[in-house]
Amino acid sequence: MELHDAILYLKKNQGYLPISKEEGVRKHAFDLTDETVDALLAALSRAAQPASHAADSSFEDFLTERNDEIDRTAFALLCALSGSKLAWDMEKIGTLVDSAEALLAERGVDTCRPFYEGDEEVPCISGTDCKNPSCAFRAKREKAS
């Protein structure tokens with residue numbers, strides 16, 4: 001199954017099961033939160049990546065762990081500011097992270113939010129868009145060697 005087909009299948013079925021064949025009524029087999037769907041899609045996306053990314057799986061692991069940590073922290077801040085447990089919403093989380101990154105850049109603070117660059121999906125440390133001279137991935141890799 002191709003990635004696109006897997007995404008359509010996931011969205012179509014969303015964990016529903018028929019209650020009975022006669023009624024055709026459907027019920028949730030399990031809850032698929034936005035966070036769960038994002039994790040599943042990320043896993044599918046990693047599985048479908050070209051072999052060039054497999055060679056740098058340590059960057060992929062770093063990217064996933066670092067961005068998950070950033071997203072979870074931003075979500076915790078949103079919940080703390082609202083005074084309640086909010087629903088996971090990547091639009092709100094992404095907006096907060098983008099704003100925080102812009103604020104830090106205005107103040108001259110380097111940030112590390114790893115990404116793949118361009119259509120070729122080059123890791124940011126190997127591309128031209130990363131402006132962080134103290135890249136956390138480089139530091140982690142240098143510390144390991």
Side-chain angles (χ1 to χ4, degrees), residues 1-19 25-145:
M1 179 180 291
E2 295 293 318
L3 176 60
H4 176 73
D5 298 327
I7 291 169
L8 290 176
Y9 181 82
L10 179 63
K11 288 180 177 179
K12 177 182 172 191
N13 292 292
Q14 289 286 316
Y16 283 91
L17 293 176
I19 289 178
V25 177
R26 296 167 98 55
K27 69 171 185 170
H28 272 295
F30 52 88
D31 259 345
L32 284 177
T33 63
D34 286 347
E35 186 175 12
T36 303
V37 171
D38 287 345
L40 289 169
L41 293 177
L44 286 170
S45 178
R46 281 193 300 277
Q49 286 178 348
S52 63
H53 289 311
D56 200 0
S57 64
S58 62
F59 176 76
E60 178 67 27
D61 293 344
F62 173 76
L63 177 141
T64 302
E65 290 169 16
R66 179 108 177 141
N67 286 328
D68 284 350
E69 177 186 13
I70 291 167
D71 291 345
R72 284 191 307 271
T73 303
F75 177 67
L77 176 60
L78 290 170
C79 291
L81 288 170
S82 73
S84 64
K85 176 72 173 170
L86 301 172
W88 183 269
D89 183 338
M90 278 308 298
E91 182 179 359
K92 289 178 182 141
I93 292 166
T95 299
L96 175 60
V97 173
D98 289 344
S99 297
E101 198 168 29
L103 176 71
L104 291 170
E106 288 172 11
R107 307 286 191 289
V109 177
D110 293 321
T111 61
C112 183
R113 188 175 171 198
F115 57 93
Y116 285 113
E117 184 179 309
D119 292 338
E120 300 296 318
E121 294 193 343
V122 176
C124 56
I125 61 164
S126 303
T128 58
D129 291 347
C130 182
K131 307 293 186 234
N132 187 347
S134 55
C135 169
F137 181 71
R138 277 192 199 102
K140 179 180 177 182
R141 194 166 52 180
E142 288 168 4
K143 187 176 184 179
S145 45

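The first residue in the sequence is number 1, and the count goes up from there.
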**Asked** side chain to side chain contact (heavy atoms under 4.5 Å, CB included) between Ile93 and Trp88: does it pass, once the steps are laid out?
**Response** CA-CA 8 Å; Ile93 292 166; Trp88 183 269; 3.6 Å; yes
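In this structure, CG in Leu96 is found 10.5 Å from CG in Leu103, a value given to the nearest 0.5 Å. A distance of 5.5 Å separates CG in Asp68 from CZ in Arg72, rounded to the nearest 0.5 Å. The distance from the SG atom of Cys124 to the CZ atom of Phe62 is 7.5 Å, given to the nearest 0.5 Å. Between atom CG of residue Leu63 and atom OG of residue Ser58 there is a gap of 11.0 Å, rounded to the nearest 0.5 Å.
Considering only heavy atoms from C-beta on, Pro114 comes within 4.5 Å of Phe59 through its side chain.
Arg66 is linked by a salt bridge (Lys or Arg N to Asp or Glu O under 4.0 Å) to nothing, counting only residues two or more places apart in sequence or in another chain. Among residues two or more places apart in sequence or in another chain, the side-chain contact (heavy atoms from CB on, under 4.5 Å) test is passed with Asp129 by Phe115, Glu117. Qualifying side chain to side chain donor-acceptor pair (under 3.5 Å) partners for Thr111, counting only residues two or more places apart in sequence or in other chains: Glu101. Looking at residues two or more places apart in sequence or on another chain, you find no side chain to side chain donor-acceptor pair (under 3.5 Å) involving Asp110. Annotation: side-chain contact (heavy atoms from CB on, under 4.5 Å) contacts of Leu86 (sequence neighbours excluded): Phe75, Leu78, Cys79, Ser82, Ser84. Residues meeting the salt bridge (Lys or Arg N to Asp or Glu O under 4.0 Å) test with Asp98, sequence neighbours left out: Arg113.
Contact record, Glu91 with Thr95: O-OG1, 2.8 Å, taken as the closest heavy-atom pair. Of all heavy-atom pairs spanning Val97 and Ala74, the tightest one is CG2-CB, 3.6 Å.
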